[in-house]
Amino acid sequence: MAIQSSQRFVPRGDVIASLNFYCPPPDNTVPFNNAGDPIPGQPLRNYSDVSHPVKIKDIRGSEECFNNLDRDSFAVIRNVPPSAEKSFTDDASIAANYYPEVESLLLASIPGAHTVTIFDHTIRRTNPDAPRAPVQRVHVDQTPRSTALRVRRHASDDAAAEKLLAGRYRIVNVWRPLNEGPVESFPLAFASASSLEDDDVVPIEHRYASGYKGETAGIRFNERQKWYYLSGMTGDERLLLQCFDSEALKEGSAVQGGRVPHSAFDHPDTKPDAVGRESIEVRALVFGP
Ligand code: OGA
Ligand code: FE
């Protein structure tokens with residue numbers, strides 16, 4: 001029997017919750033994790049997590065104060081029209097129907113952006129059979145090094161890559177829930193990039209079976225980080241999560257870090273029978289101005 005939406009419970013308000021932060025390998029070796037299926041005889045990763053309670057502020061009701069990517073590296077977009085994609089179950093259909101909408105959204109919401117190249121997406125569902133679940137580990141998806149590698153991978157040749165790398169280039173994830181109603185469990189927490197210090201960010205080798213090495217970042221706990229979430233997110237809302245902005249590396253730049261640490265978290269007010277969170281994040285290279 002379908003449960004009436006009036007009986008549903010959406011956890012809201014400022015909250016103290018535990019987030020899992022980076023804890024270095026005991027032997028001080030280079031931190032790594034293996035992408036994809038575990039390699040027999042090898043650990044999935046050589047570093048671990050340390051959990052810290054943090055204050056996470058609910059920005060529901062003050063969404064319009066959070067539209068400054070240069071300051072926070074995250075932004076809230078509301079009232080997005082329904083997608084042409086309905087089921088979000090078929091990758092080719094998602095690329096055909098949803099990617100163009102994401103591209104238009106990014107071009108419209110990032111001043112001066114002139115080119116968007118979408119390079120992948122991840123669907124997450126909370127049920128135990130789902131290939132990908134919410135990630136309960138604070139991270140940034142990309143580092144300066146892996147972003148430059150991405151640009152090279154998607155440029156037509158070396159000369160085109162150098163030209164793109166000489167301009168402003170970023171990676172931005174566009175995150176949205178896929179639940180029918182508002183998100184009831186495992187909301188996403190994100191900290192303002194302006195509250196993150198360089199020493200909080202630890203590059204982690206992301207090793208592929210092919211030998212290719214990408215890089216993600218683990219985040220050390222620091223009490224100066226300012227954490228937020230948007231309670232009860234709905235399907236007509238989007239979060240922009242910026243992973244890298246080349247402008248942030250320039251001396252005297254107005255861009256404060258350019259990267260947003262984020263993690264799903266177990267909201268302490270979530271009911272045991274809450275609907276599992278479902279979401280999609282689309283990852284894009286954004287060029288310009
Ligand atoms: C992301 C991400 C985790 C989640 O969008 O980059 O890490 O739980 N998402 O949705
Ligand atoms: Fe991420």
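One-based numbering along the sequence shown. Predicted, not measured: the structure shown is a model, and the values here were computed from it. Counting starts at 1 for both ligands and their atoms, following the listed order.
- Taking the six-membered ring for Trp and thresholds of 30 and 60 degrees, Phe21 and His52 have ring planes more than 60 degrees apart, a perpendicular arrangement.
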### Task
Show your reasoning for whether side chain to side chain donor-acceptor pair (under 3.5 Å) applies to His267 and Tyr229.
CA-CA 10 Å; His267 194 300; Tyr229 78 113; 3.0 Å; yes

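- Judged as a side chain to side chain donor-acceptor pair (under 3.5 Å), the pairs with a partner in residues 104-120 (not counting sequence neighbours) are, in order, Asp120-Arg283.
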### Task
Could you check Asn33 against Tyr47 for side chain to side chain donor-acceptor pair (under 3.5 Å), going step by step and ending with a plain yes or no?
CA-CA 8 Å; Asn33 58 71; Tyr47 61 94; 3.2 Å; yes

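- Listed by number with element, the atoms of ligand 1 under 4.0 angstrom from any heavy atom of Pro134 are 8 (O).
- When each of Leu188, Asn68, Val260 is checked for a side-chain contact (heavy atoms from CB on, under 4.5 Å) with Phe74, only Val260 meets the rule.
- Listed by atom number, the atoms of ligand 1 under 4.0 Å from Asp141 heavy atoms are 6 (O).
- Any protein N/O/S atom under 2.8 Å from the Fe ion (ligand 2) was counted, giving 3 altogether.
- Of all the heavy atoms of Leu188, the ones lying under 4.0 Å from any atom of ligand 1 belong exclusively to the side chain.
- Checking side-chain atoms of Glu237 against main-chain N and O of Thr234 turns up a donor-acceptor pair under 3.5 Å.
- To the nearest 0.5 Å, atoms CG (Leu105) and CZ (Arg238) are separated by 7.0 Å.
- Checked by atom type, the side-chain pair Ser146/Glu215 shows no donor-acceptor distance below 3.5 Å.
- Note that CZ of Arg125 is 9.0 Å distant from OG of Ser279, once rounded to the nearest 0.5 Å.
- In summary, the atoms of ligand 1 found under 4.0 Å from a heavy atom of Asn173, numbered by their order in the structure, are 1 (C), 5 (O), 6 (O).
- Of the protein's non-hydrogen atoms, Glu281 CD, 3.1 Å is the one closest to atom 5 (O) of ligand 1.
- Within a 6.0 Å sphere centred on CG of Asp199, other residues, nucleotides and ligands contribute 12 heavy atoms or fewer.
- Of all atoms in ligand 1, numbered sequentially from 1 with element shown, those under 4.0 Å from a heavy atom of Ala264 are 8 (O).
- Residue contacts with ligand 1 include Arg277, since one or more of its heavy atoms lies under 4.0 Å from the ligand.
- Residue-level proximity to ligand 1 for Arg124 is carried by the side chain, the only part with a heavy atom below 4.0 angstrom.
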